[in-house]
2 protein chains.
Amino acid sequence: MKITMKDIAEEAKVSIATVSHVLNNKPGRVSDAMREKIKKIAREKKYVTNHTARQLATNKSNTIGIIVPDLENYFFASMVSRLQAKMRERGYFVLVVTSNDEIRNDLEGIRLLVSRGIDLLAISVSNAAQNHPEEYLSMLEDLSVPAIMIDRIIKEFKGSKIRFDDFSGMNKLTEYVIDNHHRKIAFLNGDMNMARTAGRIQGFLASMEAHGCAVDQKDIYDGDYSFESGYALFDAIYDQHTYTAIIAANDMMAYGLMNRAIERGLTLPDDISISGYDNVIFSEMLNPSLTTVNQDMNSLMDEVLRVIDLSLKDPHYSENIIIDTQLIKRNSVGSI
Amino acid sequence: MKITMKDIAEEAKVSIATVSHVLNNKPGRVSDAMREKIKKIAREKKYVTNHTARQLATNKSNTIGIIVPDLENYFFASMVSRLQAKMRERGYFVLVVTSNDEIRNDLEGIRLLVSRGIDLLAISVSNAAQNHPEEYLSMLEDLSVPAIMIDRIIKEFKGSKIRFDDFSGMNKLTEYVIDNHHRKIAFLNGDMNMARTAGRIQGFLASMEAHGCAVDQKDIYDGDYSFESGYALFDAIYDQHTYTAIIAANDMMAYGLMNRAIERGLTLPDDISISGYDNVIFSEMLNPSLTTVNQDMNSLMDEVLRVIDLSLKDPHYSENIIIDTQLIKRNSVGSI
DNA sequence: TTGTACGCGTTATCAC
DNA sequence: GTGATAACGCGTACAA
């Protein structure tokens, strides 16, 4: 049986109002003796406040919702994890919904969260979202709570957007590879349907062009961000015997490339240089360790929390933030 | 402004009761014409049910809560992710709390979830919990909802418990190594404060003894499950020049061992065999690929869901389940 | 076929 | 200092 304020009020022979005041630590009003008595009873009976009822009465949930494509993805798991820890410090609870990268689930998730009464919605949209922004925008617009987009955004969205700078990240990585005297470089591209692919390849192309390195259509290989696609494409790339380096659009494909290279008995980076993007935790543990681009989760969270705090105060607050990345020089890219 | 049933009732010129009936798809009562009219208005006004109010009225939340130590840990992220997907199919929402492996947060999490009104609590307790079971047990006992423990359990807990069989997993792995004619085997142990460490080392010792392989105290090396501890201890182990194999209590430490071995120019598994435990996703991608033990998440989830379904029906249902593991033979363990 | 009225647990306003 | 009581939005038994 659940203990309510009513039970405590009866036991203490006071009104519910008084119990409420005491349990919420409101100053004044009640005598110290009564305060103690009520608190004692609450403790003994193991009273726990019914958040649902409070929410109904106050129309305030002290809860924010977040929708991410996939918790099995370390990036999002880490994001959610930190967000929850930080928001807890602020007295907020975080509701998490995973969309499995399906628009349908994004939209259902929004409904689900809103129906539960959140004070703010954060979302990393599904990859396909950018192709169908209308639904999102109309849905988010007449939401009664502020919304922000993190990492995976929709350009047209008018609320706050926070993301990493793919263009400059890949740009400076490419620059670094070129600085190591590589001229013939293959680019292993990711899935072009994914939100963040375009920025990366453009960063690569811009850097190559800036340094007068020719890039032909056939120097771009189409992977899908998976280990397998890197593994499968290595032979095709390497056996051209024209490249001295391969830049992969993410670490997983770079692993695939390296794995096949080592399997073929090649020496890295002497026979060929390979780089990745994301700085996955294992990248440091490989032999050779992987040169890649890091996206600092702390920087992201700092901005996210700043924007959340502001949005909670002013629901119409809006800001577009692009976060810088760091080039991580390790041993998989060599100088020639 | 939020749309409520009242708004719809006014617009349709009927009572709130009628609107409620229609929106909850209750059979009979209302005329088809009125049904359509009400649904249309709800759609136009973008009505979304106030779950908070419903919960207060029905005392049913269609929500379960889960507490895990850490979402950045793939195992738990995967667990939560699948649980959420499966429970969604059942019309349930999953509230997630991370404890950061601190008892304090476990207990606070329980309070937090209960105050929000969950129909069931699932928890993977903090590692230190087994040392202080009293608090948990008293807290969970007079909880008004059923509770189950997953993976990280407290032995004394009387509700349902579901976990993997560490003993038999490590036992058969050791057996396999011995079958490959290894006799002098070093064991790289994990943190003994962690819930699942004991079972693993016991499985190793039992198998060694069963095959008449001597194990001395100094053949057990104390790691802490981290890559670094494996990396740091490799030299100490290898330079004994007595071992032909090292069994690590998890994959991360095995990575550390392998990394240092390769750095020293050794050939695996010719110079020394190494095995892990957990079958982390990257274990397949290493050179050589890592022989390890897999804990099938699908099997775990099947059992978890079965128990949840039963517990939701009968709050006093209780079962103690131990799930089998699979030996994954790859290339890091060689025959001698 | 539809409406009335009450309860869910809490907060907040006002009265005493 | 303390108590009554009206919201909050919804579900439901009982009337009509």
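Just so we're on the same page: letters track the sequence lines, and every chain starts at 1.
- Once rounded to the nearest 0.5 Å, the distance linking CZ of Arg111(A) with CG of Leu143(A) reads 11.0 Å.
- Between Arg196(B) and Asp151(B), at least one side-chain nitrogen of the basic residue sits less than 4.0 Å from a carboxylate oxygen of the acidic one, meeting the salt-bridge criterion.
- No salt bridge links Lys161(A) with Glu319(A); every basic N to acidic carboxylate O contact stays at or beyond 4.0 Å.
- Using a 4.0 Å cut-off between charged nitrogen and carboxylate oxygen, Glu36(A) and Lys39(A) do not count as a salt-bridge pair.
- Look at Asn24(B) and you'll find a side-chain N or O under 4.0 angstrom from OP1 or OP2 of dG11(D).
- Proximity note for Ser20(B) (side chain, C-beta onward) versus dT2(C), dT11(C), dT12(D): the nearest is dT12(D).
- Taking atom NZ on Lys6(B) and atom P on dT4(C), their separation rounds to 14 Å, with Å as the unit.
- Here dG9(D) is the nucleotide among dG9(D), dT2(D), dT11(C) with the atom lying nearest to any side-chain atom of Thr4(B).
- Across the protein-nucleic acid pair, Leu23(A) atom CG and dA12(C) atom P stand 14 Å apart, rounded to whole Å.
- A close approach under 4.0 Å does not occur between any side-chain nitrogen or oxygen of Lys26(B) and OP1 or OP2 of dG11(D).
- Remark: the Arg35(B) side chain and the Asn25(B) side chain contain no N/O donor-acceptor pair separated by less than 3.5 Å.
- For the 3.5 Å distance criterion, the side chains of Thr18(B) and Ser15(B) qualify, holding a donor opposite an acceptor.
- For the segment residues 38-63 of chain B, residues with any heavy atom less than 4.0 angstrom from an atom of DNA chain C are, sorted by number, Leu56(B), Ala57(B).
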Between the protein and nucleotides 14-16 of chain D, which nitrogen or oxygen pairs come in under 3.5 angstrom?
from    : atom 1 : to       : atom 2 : distance (Å)
dC14(D) : N4     : Arg29(B) : NH1    : 3.3

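- Residues from residues 8-19 of chain A lying near DNA chain C, meaning a heavy-atom separation below 4.0 Å, are Ile16(A), Ala17(A) in numerical order.
- One can place CG of Asn25(B) at 13 Å from P of dT12(D), the figure rounded to the nearest angstrom.
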